[in-house]
Amino acid sequence: MRDPKRIDEVTNKLAELWHLIPDFRFWQVIQALNIPENLKNRDPFFWEDEVWLEIFRKTIDKYKEK
């Protein structure tokens, strides 16, 4: 069974990102994600939560630099 604590970790990172770009609507936030080249042609349905966390972290770093 997957650790239920991961849910808050993932959604908190999403919230942190969205707060950096509050004028974006939800899908705009998703479209703004900094997806690595090696994942661009892969179905996100199969990405592990740790992959999403890393994507959120990198995208947050990108928007904090601005």
Side-chain angles (χ1 to χ4, degrees):
M1 182 173 159
R2 295 179 189 269
D3 183 359
K5 293 176 188 169
R6 82 192 190 295
I7 297 167
D8 287 337
E9 188 176 9
V10 171
T11 57
N12 287 341
K13 278 295 171 198
L14 172 59
E16 181 181 348
L17 171 60
W18 204 345
H19 282 285
L20 291 172
I21 45 178
D23 290 332
F24 282 27
R25 293 180 305 276
F26 175 74
W27 192 248
Q28 289 175 303
V29 174
I30 299 304
Q31 289 292 305
L33 291 175
N34 193 18
I35 308 294
E37 285 298 319
N38 65 323
L39 293 176
K40 286 190 177 179
N41 293 322
R42 296 187 182 189
D43 187 344
F45 179 85
F46 297 103
W47 299 356
E48 294 292 335
D49 296 325
E50 194 55 46
V51 170
W52 283 107
L53 283 170
E54 185 61 25
I55 290 169
F56 289 145
R57 286 184 196 112
K58 287 183 178 182
T59 307
I60 287 166
D61 289 346
K62 176 181 134 184
Y63 279 96
K64 281 186 174 178
E65 290 175 1
K66 290 184 176 186

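Between F26 and L14 there is a side-chain heavy-atom pair separated by less than 4.5 Å. Using a 4.5 Å heavy-atom cutoff, the side chains of F56 and N34 are not in contact. Put simply, the side chain of K64 reaches to within 4.5 Å of the side chain of I60, judged on heavy atoms.
The number of heavy atoms from other shown groups lying within 6.0 Å of NZ (K58) does not exceed 12.
The minimum heavy-atom distance between A32 and T59, with the atom names listed, is O-CG2, 3.7 Å.
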Below 3.5 Å, can you tabulate the donor-acceptor pairs from side chains in residues 40-53 to any protein atom, sequence neighbours excluded?
unit_1 : atom_1 : unit_2 : atom_2 : d
K40    : NZ     : E37    : OE2    : 3.0
R42    : NE     : N38    : O      : 3.4
D43    : OD1    : F45    : N      : 2.9
W47    : NE1    : D43    : O      : 3.4
E48    : OE1    : R2     : NH1    : 2.8
D49    : OD2    : R6     : NE     : 2.4
E50    : OE2    : R57    : NH1    : 3.4

Under 3.5 Å, sequence neighbours excluded: what are the donor-acceptor pairs made by side chains of residues 15-23?
unit_1 : atom_1 : unit_2 : atom_2 : d
E16    : OE1    : K13    : NZ     : 3.0
W18    : NE1    : F24    : O      : 2.9

